[in-house]
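Right, one structure below, let's go through it.
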Amino acid sequence: MSSVDVHEGFSAEERAAMKDHAKELKAAARRGTRADKAAEAERDVLAKIAEMEDSDRIMAERVHAVVTAHAPALAPKLWYGMPAYALDGKVVCFFQSAAKFKARYATLGFSDLAQLDEGAMWAAGFALSEVTSEVEARIGALVMRAVG
């Protein structure tokens with residue numbers, strides 16, 4: 001078997017994301033009322049954003065502001081260590097920092113629950129290198145469309 005054929009398993013970043021998700025599930029199970037859970041989940045998201053490197057943090061802060069303003073039905077929560085926004089507990093969209101997986105750009109992603117369908121093919125993820133006012137407007141339109 002050549003070295004090309006060997007499956008190396010999950011990367012360190014992927015394993016860390018899975019550990020983050022396990023911690024998130026345990027923390028959510030310990031919380032009290034629905035309001036307590038929502039408030040704590042948003043604090044967790046804001047704390048995770050605050051930990052990010054400069055450019056990722058700035059973009060994540062702006063994405064958070066746009067999503068919460070344009071789609072208030074979406075509740076902030078952590079999802080695999082990333083800021084995410086859920087409807088009825090199910091993630092609709094998320095922000096992935098460039099540093100999270102050592103990528104060239106950050107990503108705004110949408111799950112299959114997002115109502116972004118356009119014919120036989122449509123985008124479910126968007127590369128972000130900067131969040132300008134034009135990008136904010138596009139994000140706002142996408143998240144409003146995602147929740148119908």
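Small disclaimer: the values here were computed from a predicted structure and weren't measured.
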Which label fits F110 and F126: parallel for a plane angle under 30°, tilted from 30 to 60°, or perpendicular past 60°? perpendicular

Distance from R15 atom CZ to S11 atom OG, nearest 0.5 Å? 6.5 Å

State, to 0.1 Å, how close A60 and M52 come at their nearest heavy-atom pair, and which atoms those are. CB-SD, 3.7 Å

Tell me, do E130 and V135 make a side-chain contact under 4.5 Å, heavy atoms counted? no

Interatomic spacing from CZ in R138 to OG1 in T132 - rounded to 0.5 Å: 9.0 Å

Determine, step by step, whether F95 and E61 satisfy the side chain to side chain contact (heavy atoms under 4.5 Å, CB included) criterion, reporting the C-alpha distance in whole Å, the side-chain angles of both residues, the deciding distance to 0.1 Å, and the verdict. CA-CA 10 Å; F95 176 85; E61 288 169 346; over 6 Å; no

Let me confirm one number: the CG-CG distance from L116 to L142, rounded to the nearest 0.5 Å. 6.0 Å

Any donor-acceptor N/O pair, D44 side chain to L78 backbone, under 3.5 Å: no

Pairing residues for D20 by the side chain to side chain donor-acceptor pair (under 3.5 Å) criterion, not counting sequence neighbours: K100

Hey, what do you get for CD (E118) to CZ (R145), rounding to the nearest 0.5 Å? 4.5 Å

Derivation and outcome, side chain to side chain contact (heavy atoms under 4.5 Å, CB included), residues V131 and I58: CA-CA 8 Å; V131 179; I58 291 164; over 6 Å; no

Atom of V143, atom of C93 and distance for their closest heavy-atom approach: CG1-SG, 4.1 Å

Heavy-atom donor-acceptor pair, R57 side chain to I49 backbone, under 3.5 Å: no

Would you find a donor on one side and an acceptor on the other, under 3.5 Å apart, between the side chain of S111 and the backbone of V91? yes

Closest non-hydrogen atom pair between Q115 and G148, with its separation: OE1-CA, 3.6 Å

Per the ring pair (Phe, Tyr, Trp, His ring centres under 6.0 Å) rule, what does the pair list look like for residues 129-148, sequence neighbours excluded? none

Can you see which heavy atom on P76 is nearest to which on A41, and at what distance? O-CB, 3.4 Å

Donor-acceptor contact present, side-chain D56 to main-chain A99, <3.5 Å: yes

Separation between CZ (F101) and CD (E13), nearest 0.5 Å, reads 7.5 Å

Closest non-hydrogen atoms of L128 and Y105, given as atom of the first, atom of the second and distance, are O-CB, 3.6 Å

Minimum side-chain heavy-atom gap L74-V67 below 4.5 Å: yes

Tell me whether K77 contacts the main-chain N or O of V45 through its side chain, where contact means a donor paired with an acceptor under 3.5 Å. no

Carboxylate-amine/guanidinium contact E40 R43, below 4.0 Å: yes

Begin with the C-alpha distance, continue with both residues' side-chain angles, and end with the deciding distance and a verdict on side chain to side chain contact (heavy atoms under 4.5 Å, CB included) for Y85 and V92. CA-CA 6 Å; Y85 304 88; V92 173; 5.9 Å; no

Side chains of H64 and E42, donor plus acceptor under 3.5 Å: yes

Considering only heavy atoms from C-beta outward, does the side chain of M82 approach that of K48 to under 4.5 Å? no

Under the side chain to side chain contact (heavy atoms under 4.5 Å, CB included) criterion, do L108 and I139 qualify, and how do the steps go? CA-CA 9 Å; L108 175 65; I139 292 170; 3.7 Å; yes

In terms of heavy-atom contacts, A71 and V147 come closest through CB-CG2, 4.3 Å

